[in-house]
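See structure below.
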Amino acid sequence: MFSMALRNFRRDWQAGEVKVLFFALIVAVAAMTAIGVITDRIQRAMGEQASEFLGADYVISSPREIPQEWLDEAHKRNLQTALGKSVSTVLAKGDKFQLVSVRVVEDKYPLKGEVEISQAPFQAGEKIQGKPSTGELWVEPRVLSLLDAKVGDKVDFGNSQLLITGVVVSGPGQASEVFNVAPGVIINSDDLAAAEILGPGSRISNQFLLAGDITIRDSYIQWLKPSLNETQRITGGKEGTPALQASLNRAESFLRLASLVSVILAGVAIAVAAGRFSRRHFDYAAIYRCLGMKVSQVHQLYLWQLALIGLIGVALGALIGLGIQQAIIIKFAHMLPNPMVPISSVPVLVAAISGLVVLLGFALPSFFQIAKVPPLRVLRKEIVPLAVSGWIIYLLAIGSMALLMWWQSGSVLLVAILLVVSIIAFLVIRLFAWFIFKIGVWLGKRSPTSVRFGLGQLKRYPAYTISQITAFGLAFMIMLSTYLIRTELLTEWQNQMPENAPNHFLINVQEYEVETLDGILAQNKVETSGIYPMVRGRVTHLNGELASEVLSKEEYREARALRRELNLTWMEDLPSVNSLVEGEWWNQTDEGFDPEAVKISISTEIQEMMKVKIGDKVSFDIGGLTIEGQITNVREIQWDSFQPNFFVIFEPQGLKNFPASYITSFNISTEQKTILNEILSQMPTVTIIELDKIMAQVQKILDQVTLAVEFIMLFVLLAGIAVLYAVLQANREERVLSATLLKTLGAQSPFIRSGLIAELALLGVFSGLLAVVCSEMLVSALYINVLDLTAKPHFIFWLLVPLLAAIFISLVGWFGIKSILRQPAYQVLRQS
Amino acid sequence: MLTTSKLTKVVDSQEQDLTILSQVSLTIDEGDTVAVIGASGSGKSTLLSLLAGLDVPSSGEVVLAGNKFHQLDEDQRAQARAQYVGFIFQSFHLLPGLTALENVMLPIELKGGKSPRKDALAILEKVGLSERVTHYPNQLSGGEQQRVAIARAFASEPKILFADEPTGNLDSANGQKIVELLFELNQQFGTTLVLVTHDQELADRCQRQLRLEAGKLVGDSANNSTESLSSELEGHS
C-alpha cells in the first residue's frame, strides 16, 4: 500500500494536485521555524548580554566568606568562578577625602563582558578582562574630580598608597548601581590586607561570580539555593534589563500572536486545499472500491499520502525557515548580539510538531472522507460520500489550534480571546450573508448585464458564497489585524525612546548649586526634564504600626523597597509619564496645606508591596526625623521613560522642613561630554550617571525586536496569500465551467470577463468589509487585554481594505482562469 | 453463477419514495453473455450496480458465486468483487495516477495474484498495447484507454464481467474494435459477461437479452428471439 501511495503521491505532485497543500504547510512550518529560532537565539543572546551587564551569569553575594564547598562544587561541574569583595572606605589625597565603594578583585574580572579603562575621564578606553596590578587602582571619573586627582597620581588607601592607573568608563554592575551614592574604584585583592581597613564589624560583601553552560549553571544554582541563608542573594538568570521588560514582553506577545496567526491562516489554506484534494480523489477511491479494495485499505492509501505530504512539507518548511532566519541573522548582524549563539533544536522541533498538528487538524477530516465514497460513484458521478459532521471538523481544527496556542503562548486568556472572537466573527458573517442578498438584489436591478450575471452567480449559491467570503474575510482580517498591531507597537516604541530622551542623570545637587547648574546647562544650550528635589527616607510604620510587623515575614522579605532608603520628592503636578490609577491628584494652595494630614502619592509597585489603600498612613524616617503621609492617590509609572521617577511623591509643602538634594536629567551627545567636566569641576560632590551606553543598548534591543516584528509580517502576508490562492484554486473549476457554458451559449469574451470580474470583485468588497469589522473587534480586544494599549478605530482602512481586496481577488482570480477561457469550449467541457 | 430474487430498489425522493427497480428475479449461468437493454431511466445501471454488489437492494436477494450480496457488508462485498468480478465502464475509469501497466496490475494485486507484473504484461499484449505499458491514461487515445480498461477487467481472471455502455464514449470504428476484443477475450477466458447497452447491435451479439422498462424486467430472450417471458416472471412475483 505504501508503494502505491508513493506512486500516487509522485503523480499528484507532478500534476500540481498537492501544490497548495504543500505551499500552506511549508509557509506554516517555515514561519514557525524562522520565528521560533530567531526569537530563541535573540533571547539567549540577550541573556548573554544581561550577563555582561552583571559581569557573570550569576553573582552570589554574601556578608560572610564564600564557603569553599561552593567553589569546589562549581569546579567539579566545570563552571568558571571568580571571587571578589566590595567594601566602603575613604580615599584621600592631600586634604581631600572621599567615601568610595571599593570593588576588590581576586581573580580575572569580569567573567562575562569587559571593563573599559581609559586614561582620562569621559574618553573612550580599552576594553579588557583583568584586574589592576598590585599597588594600583582604577577609579570612576567622579573620584578624580572629587579628589582633584588625575591618572598617575597616588592616593591614600587605608595604611597604604595606591597609584591611579585607569579611569573606569564602563563595566559590569554599573546599570544596577546607578544610584549608588559613593563613586566606585577597583583594586587588586592583594592590596586589601595591606591597607588594613577591615576591622571587626566592617560591612563587607563577598561576591562569587559564576559563568558556564546554561544547563550546568542552572542546575548548580538549584543545588546551591537550599544552602543559602537570608543574607545571601543570587543575582542573574532570567532577570533582563528591567527598563526594557515591558517593551520586550509586549514584543514577545506580539511575535507569538503573529506566529500563531500565520499558522491559523496556513491551517485554513490547508483545510481548503485538502477539501479540494479530497473532492478530486472521490473518483479514484470509487474505482479502488469497485475493484475490491476495502475501506481500510483506501484509508491507508490516503493516510500514507498525507503522511508523505506532512513529512516532506515539514522538512522543507523547517529547512526554508532555517535558511530564512540565517539570512536575516547574516543580513542584520550589525544589529544583533555578537557573537550570535548557535541554533537550538528545540524551536525547530516545536515548529515541526506544530506543523504536523496543523496538518492533521485541518486536513484529516477531508482525507478521511475520501475512502468513504460509495463504489457506486463509478456509475453515478453525483454520489459523494456522506459529509463528515461539521462539528467534528470544527472541533478538530479549533481543538488543534487551541492546543498549539496554549502550548506556544502558555496563556489561557489569549486562547480564550481568540476563540471568543472566532465565535463573534461567525455571527458577523451570518449577518453579512443577509447584507449580501440585500445589496446584491438592490444593485442587480440597475447594473449592466455582465454585473448582474456576476451577482447572480453569488446569489445562486448563498451558502457557497458565504463560505468564500468567510475564507477571504478571515485572511484579510488576520493580515490587517497583524498590520495594525505591528504599527501601533512600533509607534509606541519610537515615542518611548525619542531622539532626545535624557541620557545623563545628575544627583546629589545641593540647593545652593541649582542656580549654578542651571547657568552651565543654559550656557551650553542643554535642556533638562526639570530639576526635582529629592529627600532620602525609609518607611517605618504603616497606619502607626511597625511595617515589619504589619506585613507577614514573607511579604516583608519580598518588599525590598521597604528595607532601604527611598528617594522622596514633592511636586505640584502629576509627572507626564505617570498616570493616575486611583484617587485624585492634589490641586491646592499653601492655605489648603494641613500639616496633620500630609498628602502623598504612591506608585502601584509600592501599593502592592505594602498592601495599602487610599487613606492609609505611611510614616517615613528621614535622617532621624519622622513624617507621616496619607495616601491620596496611586500612580502607574512608565519605567521605560528614562525620566526621573519616584515611588513616593509628597504634596509641595509636605517636605519643606527637610534638607533636600536635587536631581535632573538631560540629553547630551558624546561630543558634549566635556560639559560634564565643567559641572564636576564647579560642583565636585554632584554624582553624574551616564546612561548613554545603556540607552544605546536599549535602542539596539528595540531595533532587534522591530526587525523581528517586521519580518513576521512577511509570513503573515505569505500565509494570507496561501489562503486566498487556495480558495480561488478550489473554486476555479466551477468558475471555468460556468464561463465555458456561457461561451457555448454564445456569450462574447468581454461579457464573460466583466461578469467574472464583477463576481470576484464583489466577493472582495464583501470580504474586505467583513475583515475590517472583525479586525477592529479583534484588535481592540487584544489591545485592552493582552498588549496593554489603548484601542481606537482606524477609519481609513474601512475604505482601503475592501478596495484592495476587490482588486487582489479579481486580478488573481482572473489570471487563474484567463488562459482556460481561450481554449475551445468543447475541450474544456470534455475535460471537466 | 448469479441469481436474483425479487430484487427491488427504492430511493427516498422529496415527495414520495421512488421505485427504481421492482421485483426482478433472474438467473445467469456460468459462461452466459447477457445484454441488459432498455430506455434511459429504465433501471439498467441500477440493476448492474446491484448485481455487482456496488449497491445494496431495498429488498430481495442477490447471490453471486455463492456470495449473498444482500447479507454482506461493504468490505465483504469488496472482497467478493476482488475475487470474482471485473468491470468495464463507459468513461473507462482508469486511475490517472497510474500507468497502463500499473492500472492492469492493480486488480491482480488486490486478488493476491502471484505475479501481477508478468500477468499484466501478458494481457496488455493481448489487447495490443505492449508498446504503451508505461503511458499514463491521459497520454492514450479513447480507444486505447478502453483497451487498457478491458485488459484490467480480464487481468484478475474474473468469473463474471460487468460492462456499462463499453462503447458509449467511442466512435463507431473504435467501438467496433473494442467489441471484437471484448468478445474475443470473453470467449478465451470463458467469462460470464453482463453488459448494459443502448446499442442493439451490441446486444444482438449476446446469447441473451434482458429488457427493462420502468424498473421491471419485461423481456428475457435468448438467441435473438423476442419471445417475452415477462408474464412468466410476473407470475413468480
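To find a chain, count down the sequence lines: A is the first, B the second, and so on, and within it residues start at 1. Just so you know, these numbers use all the heavy atoms, side chains as well, and skip hydrogens, waters and symmetry mates.
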Quiz item: Considering residues, nucleotides and ligands other than B:Lys111, do more than 12 of their heavy atoms fall under 6.0 Å from its NZ?
Solution: yes
Self-check item: B:Glu213 atom CD: more than 12 heavy-atom contacts under 6.0 Å
Solution: no
Quiz prompt | Minimal non-hydrogen separation, B:Ala78 against A:Met293, with atom names | solution = CB-O, 3.6 Å
Quiz item: Would you say the side-chain atoms of B:Asp75 pair up with the backbone N or O of A:Val295, donor to acceptor, closer than 3.5 Å?
Solution: yes
Quiz item: In Å, rounded to the nearest 0.5 Å, how long is the span from NZ of A:Lys372 to CD of B:Glu74?
Solution: 12.0 Å
Exercise. Please flag which part of B:Ser156 lies under 4.5 Å from any non-hydrogen atom of chain A: side chain, backbone, both or neither.
Key: neither
Quiz prompt | Residues of residues 51-70 of chain B within contact distance of chain A, non-hydrogen under 4.5 Å | solution = B:Leu54, B:Asp55
Exercise. Return yes when atom CZ of B:Arg132 has more than 12 non-hydrogen atoms of other residues, nucleotides or ligands closer than 6.0 Å, and no otherwise.
Key: yes
Practice problem: Can you measure from CD (B:Glu109) to CG (A:Leu291) and round to the nearest 0.5 angstrom? | Solution: 11.5 Å
Quiz item: Does atom NZ of B:Lys9 have more than 12 heavy-atom neighbours, drawn from other residues, nucleotides or ligands, at distances under 6.0 Å?
Solution: yes
Quiz item: Side chain, backbone, both or neither: which part of B:Leu94 has a non-hydrogen atom closer than 4.5 Å to chain A?
Solution: backbone
Quiz item: Take atom CD in B:Gln71; do more than 12 heavy atoms of anything else shown fall under 6.0 Å from it?
Solution: yes
Exercise. Considering only heavy atoms, give the residues of residues 144-153 of chain B separated from chain A by less than 4.5 Å, sorted numerically, with 'none' for an empty result.
Key: B:Arg152
Quiz item: Is chain A contacted by the side chain of B:Glu165, its backbone, both, or neither, given a heavy-atom distance below 4.5 Å?
Solution: neither
Quiz item: In this structure, are over 12 heavy atoms from other groups packed under 6.0 Å from B:Gln188 atom CD?
Solution: yes
Quiz item: If you look at every heavy atom in B:Ser49 and A:Leu376, which pair is closest and at what distance?
Solution: CB-CD1, 3.1 Å
Quiz item: Side-chain contact, heavy-atom cut-off 4.5 Å: B:Arg77 with A:Pro375?
Solution: no
Quiz item: So, for A:Tyr284 and B:Leu95, which heavy atoms are closest and what is the spacing to 0.1 Å?
Solution: CA-CD2, 3.7 Å
